[in-house]
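Heads up, the thing below is written out as structure tokens.
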Amino acid sequence: MMSLLDALAASPDASSLKHLAAATDLHPSTAHRILAAMTQARFVERQDAGTYRLGIRLLELGNIVKSRINLREVALPFMQVLHEQIGEAINLGVRHDDEIVYLERTSSGRALVRVVYLVGGRAPLHLTSLGKLFLAADNPQKVRDYAKRTGLPGKTPRSLTTLTTLEKELDKVRRHGIAFDDEEAEIGLKCVAAPIHDDEGNVVAALSVSAPADRHDPNWVSELRRTADAVSHAIGYSGKK
């Protein structure tokens with residue numbers, strides 16, 4: 001049954017019994033019997049021409065699974081593995097209006113600077129590496145609207161407080177698919193973030209590594225990106241935006 005579902009999923013059009021039997025190495029009579037049972041359960045739909053395609057029941061079940069996904073629970077094991085690899089704090093954040101909300105954080109246990117944003121904390125999007133990923137996913141007009149609404153307040157001399165500097169930064173984020181906070185929320189603290197996508201390719205969350213500036217390591221980017229991609233796939237992202 002699973003091999004038939006995979007074969008149907010791989011075909012953009014309705015598939016014939018002959019094609020499905022060949023694709024799954026099943027005898028045609030065996031494939032026909034299984035497809036009949038799947039059709040009765042609405043996992044598969046049989047067309048008038050004797051071809052088959054995935055059924056509506058799969059969509060119904062998929063929506064149930066999607067509604068029950070707890071992003072924090074899914075992401076936390078991946079965050080813990082990354083934390084063990086690099087030994088620094090890992091943050092999970094989501095967008096709420098014009099702010100980042102921190103859902104989870106693994107503490108490094110050896111930070112030498114004050115942690116500005118804890119679990120449940122909020123921060124303006126443009127001040128964090130997490131938030132920049134969401135702004136980069138917006139179109140230029142939405143970014144201008146954000147700047148007008150918020151006034152782009154700063155926290156340190158390094159904060160991006162003009163639309164021009166923010167737009168240049170977001171252009172880099174779009175090109176590289178990664179975002180940085182270069183002591184923009186707190187002097188002495190640097191962060192790097194990678195996006196988490198849902199099944200439709202939308203940025204729904206992001207992971208970041210935060211550490212004192214003197215411990216920041218550019219090599220974290222590849223490990224962070226792999227972890228964020230793993231979380232994305234765990235919540236249904238197929239790699240297509």
Side-chain angles (χ1 to χ4, degrees), residues 1-85 90 92-95 103-104 133-134 136-139 173-178 193-207 221-241:
M1 182 182 73
M2 292 307 305
S3 63
L4 284 166
L5 286 175
D6 287 340
L8 287 165
S11 177
D13 302 312
S15 300
S16 67
L17 174 63
K18 181 179 179 181
H19 169 79
L20 292 170
T24 58
D25 292 325
L26 291 171
H27 191 279
S29 62
T30 302
H32 184 267
R33 184 172 65 252
I34 297 173
L35 286 166
M38 294 167 70
T39 300
Q40 186 174 3
R42 295 191 300 136
F43 289 119
V44 169
E45 292 180 2
R46 189 175 189 275
Q47 308 294 292
D48 292 338
T51 56
Y52 300 85
R53 67 178 184 181
L54 295 177
I56 197 68
R57 181 60 178 156
L58 293 171
L59 179 60
E60 295 170 354
L61 293 175
N63 285 333
I64 291 173
V65 171
K66 185 177 179 180
S67 69
R68 293 178 181 175
I69 288 175
N70 183 313
L71 181 60
R72 178 189 169 278
E73 290 180 359
V74 172
L76 188 55
F78 295 98
M79 295 171 64
Q80 290 170 334
V81 171
L82 181 61
H83 172 76
E84 292 171 3
Q85 290 174 343
I90 313 299
L92 171 67
V94 297
R95 180 175 186 170
L103 296 185
E104 187 56 83
L133 291 169
F134 286 93
D138 281 345
N139 62 46
V173 174
R174 294 184 187 105
R175 290 200 310 269
H176 301 292
I178 207 86
I196 295 172
H197 299 90
D198 66 7
D199 60 321
E200 297 179 351
N202 301 311
V203 178
V204 292
L207 289 180
V221 169
S222 58
E223 296 176 46
L224 175 63
R225 197 192 300 271
R226 280 195 295 269
T227 301
D229 287 346
V231 177
S232 297
H233 290 301
I235 63 173
Y237 181 52
S238 65
K240 298 178 182 179
K241 298 183 182 179

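What's counted below: heavy atoms across the whole structure, side chains too, no hydrogens, waters or symmetry copies. Predicted model only: the values in this text are computed from it and were never measured.
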Looking only at non-hydrogen atoms, find the nearest pair between [X] and [Y] and report the distance.
X      : Y      : answer
Ala7   : Ala23  : CB-CB, 4.2 Å
Pro195 : Gly177 : CD-O, 3.4 Å
Leu4   : Ala31  : CD1-O, 4.1 Å
Arg174 : Ala136 : NE-O, 2.8 Å
Asp198 : Ile235 : CA-CD1, 4.0 Å
Leu207 : Thr227 : CD1-CG2, 3.7 Å

Check your understanding: With Val94, which of Val203, Ile196, Leu71 fulfils side-chain contact (heavy atoms from CB on, under 4.5 Å)?
Key ->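 Per the side-chain contact (heavy atoms from CB on, under 4.5 Å) rule, the option paired with Val94 is Leu71, out of Val203, Ile196, Leu71.
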Nearest-0.5 Å distance that lies between atom [atom1] in [X] and atom [atom2] in [Y]:
X     : Y      : atom1 : atom2 : value
Leu20 : His32  : CG    : NE2   : 11.5 Å
Leu82 : Leu224 : CG    : CG    : 6.0 Å
Phe78 : Ile90  : CZ    : CD1   : 14.0 Å
Ser3  : Ile34  : OG    : CD1   : 7.0 Å
Gln80 : Glu104 : CD    : CD    : 8.0 Å
Met1  : Asp6   : CE    : CG    : 10.5 Å

Exercise for review: Begin from the C-alpha positions of Leu5 and Leu58 and carry the test side-chain contact (heavy atoms from CB on, under 4.5 Å) through to its verdict.
Suggested key: CA-CA 10 Å; Leu5 286 175; Leu58 293 171; 4.1 Å; yes
**Study point:** Pairs involving residues 9-18, ordered by first then second residue, that meet salt bridge (charged side-chain N to carboxylate O under 4.0 Å, His left out) (sequence neighbours left out)
**Key:**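 Residue pairs with at least one partner in residues 9-18: there are none.
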For residues 49-57, tabulate all N or O donor-acceptor pairs below 3.5 Å that involve a side-chain atom, not counting sequence neighbours.
| unit_1 | atom_1 | unit_2 | atom_2 | d |
| --- | --- | --- | --- | --- |
| Tyr52 | OH | Arg46 | NE | 3.3 |
| Arg53 | NE | Glu45 | OE1 | 3.1 |
| Arg53 | NH2 | Glu45 | OE1 | 3.2 |
| Arg57 | NH1 | Glu60 | OE1 | 3.1 |

**Study point:** Set of salt bridge (charged side-chain N to carboxylate O under 4.0 Å, His left out) partners for Asp138, sequence neighbours left out
**Key:**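 Partners of Asp138 by the salt bridge (charged side-chain N to carboxylate O under 4.0 Å, His left out) criterion, ordered by chain and then number, come out as Arg95.
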Exercise for review: Could you check Asn202 against His197 for side-chain contact (heavy atoms from CB on, under 4.5 Å), going step by step and ending with a plain yes or no?
Suggested key: CA-CA 5 Å; Asn202 301 311; His197 299 90; over 6 Å; no
Review point. Counting distance only, does the side-chain N/O of His27 pair as donor-acceptor with the main-chain N or O of Ser29 below 3.5 Å?
Key: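 Pair found, side chain donor or acceptor close to backbone of Ser29.
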